[in-house]
Novice: 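Just passing along the structure, written as C-alpha cells.
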Amino acid sequence: SQQGEEDPQALSIQEGENATMNCSYKTSINNLQWYRQNSGRGLVHLILIRSNEREKHSGRLRVTLDTSKKSSSLLITASRAADTASYFCATVDSGGYNKLIFGAGTRLAVHP
Amino acid sequence: DGGITQSPKYLFRKEGQNVTLSCEQNLNHDAMYWYRQDPGQGLRLIYYSQIVNDFQKGDIAEGYSVSREKKESFPLTVTSAQKNPTAFYLCASCLGQATGELFFGEGSRLTVL
C-alpha cells in the first residue's frame with residue numbers, strides 16, 4: 001500500500017528557478033520524510049519533519065507540513081542541474097513500528 | 001567509512017533459480033529493511049527486521065525470504081516462487097524508532113532471463 005502520493009509526477013525547470021513538489025498521505029503520521037534518488041542509485045535522506053512541526057529548512061530546501069490536510073510540500077530554491085533526481089516522500093505510520101511507506105516520487109529535471 | 005553495502009550490483013538469473021542478495025551495514029543499526037523498486041515507481045516494503053533473529057513481512061513478502069542471524073547482515077533470497085522478480089532491490093537500515101531516518105545501500109538490479 002502506498003501512503004504518500006507525490007504531485008506532480010514529473011517536473012521540468014530551468015536552472016535558477018524554484019521547484020515545488022507536493023505529497024499527500026492518508027493516515028495519521030509520526031513524521032514525514034523526503035528522500036532524493038539519483039538515477040540507478042540508492043536513496044538519500046534530505047529532511048524529516050515531525051507531526052508537531054509546520055515548517056523546516058535545510059540549506060536550499062524548505063519543507064512544510066499541514067496535518068489537517070494530510071499534505072506536505074518540498075521547495076527547492078535556486079535549483080541547479082545537479083538537483084536533477086527523483087524525490088520521494090515517506091511517512092511513518094503512527095500506529096506501527098518505524099516502517100516507512102514511500103510514494104511514487106516526483107522526477108525533477110533541471111536544465112542548464 | 002560507515003555505510004551499507006549491497007552486492008552484487010547487477011545479477012542475472014534464469015527462471016526457476018533462487019538468488020540471494022547481500023546487505024551488510026557497519027552503522028551499528030538495529031533495524032534493517034528490504035524494498036523493491038520497479039521502473040518509475042516508488043518503493044515497496046518486502047521485509048524488515050527490528051533486531052537480530054527477528055523479522056516481519058512487509059507488503060510484498062510472497063516469494064521472498066530473509067534471515068537476520070547477525071546485526072550487521074540482512075540477506076534477501078528471491079525464490080523461484082516470486083513470479084516477477086526483475087526489479088531494483090534496495091536495502092536500508094535505521095538506528096531505531098527514535099530517529100526514523102533510513103540509510104540506503106546503492107541497490108542491486110536483478111534481471112530474470
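Chain A is the first sequence line, chain B the second, and so forth, proteins listed ahead of strands; every chain is numbered from 1.
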Novice: Would the number of heavy atoms belonging to other residues, nucleotides or ligands and lying under 6.0 Å from CZ of Arg13(B) be above 12?
Specialist: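 Yes, CZ of Arg13(B) has more than 12 neighbouring heavy atoms, counting only those of other groups under 6.0 Å.
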Novice: May I ask whether Leu90(B) and Val112(B) are part of the same hydrophobic cluster, defined by side-chain heavy atoms of I, L, V, M, F, W, Y residues being less than 4.5 angstrom apart, directly or through others?
Specialist: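 No, Leu90(B) does not connect to Val112(B) through the hydrophobic network.
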Novice: Do Phe88(A) and Gln37(B) have side-chain heavy atoms sitting under 4.5 Å apart?
Specialist: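 Result yes, sub-4.5 Å side-chain heavy-atom pair found.
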Novice: Is there a side-chain contact between Leu100(A) and Tyr35(B) in this structure, where contact means two heavy atoms from C-beta onward sitting under 4.5 Å apart?
Specialist: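 Side chain of Leu100(A) against side chain of Tyr35(B), heavy atoms only: contact under 4.5 Å found.
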Novice: Could you state whether Leu45(B) and Tyr64(B) fall into the same hydrophobic cluster, counting links through intermediate Ile, Leu, Val, Met, Phe, Trp or Tyr residues with side-chain heavy atoms under 4.5 angstrom apart?
Specialist: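 In one cluster: no.
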Novice: Measuring heavy-atom distances to chain B, does Gln37(A) have an atom under 4.5 Å in its side chain, in its backbone, in both, or in neither?
Specialist: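 When you check distances to chain B, only side chain atoms of Gln37(A) fall under 4.5 Å.
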Novice: Are Ile101(A) and Trp34(B) connected, step by step, through hydrophobic side chains (Ile, Leu, Val, Met, Phe, Trp, Tyr) whose heavy atoms are closer than 4.5 Å?
Specialist: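 In one cluster with Ile101(A): Trp34(B), no.
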Novice: Should Leu43(A) and Leu102(B) count as side-chain neighbours, where that means a heavy-atom distance under 4.5 Å?
Specialist: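 Side chain of Leu43(A) against side chain of Leu102(B), heavy atoms only: no contact under 4.5 Å found.
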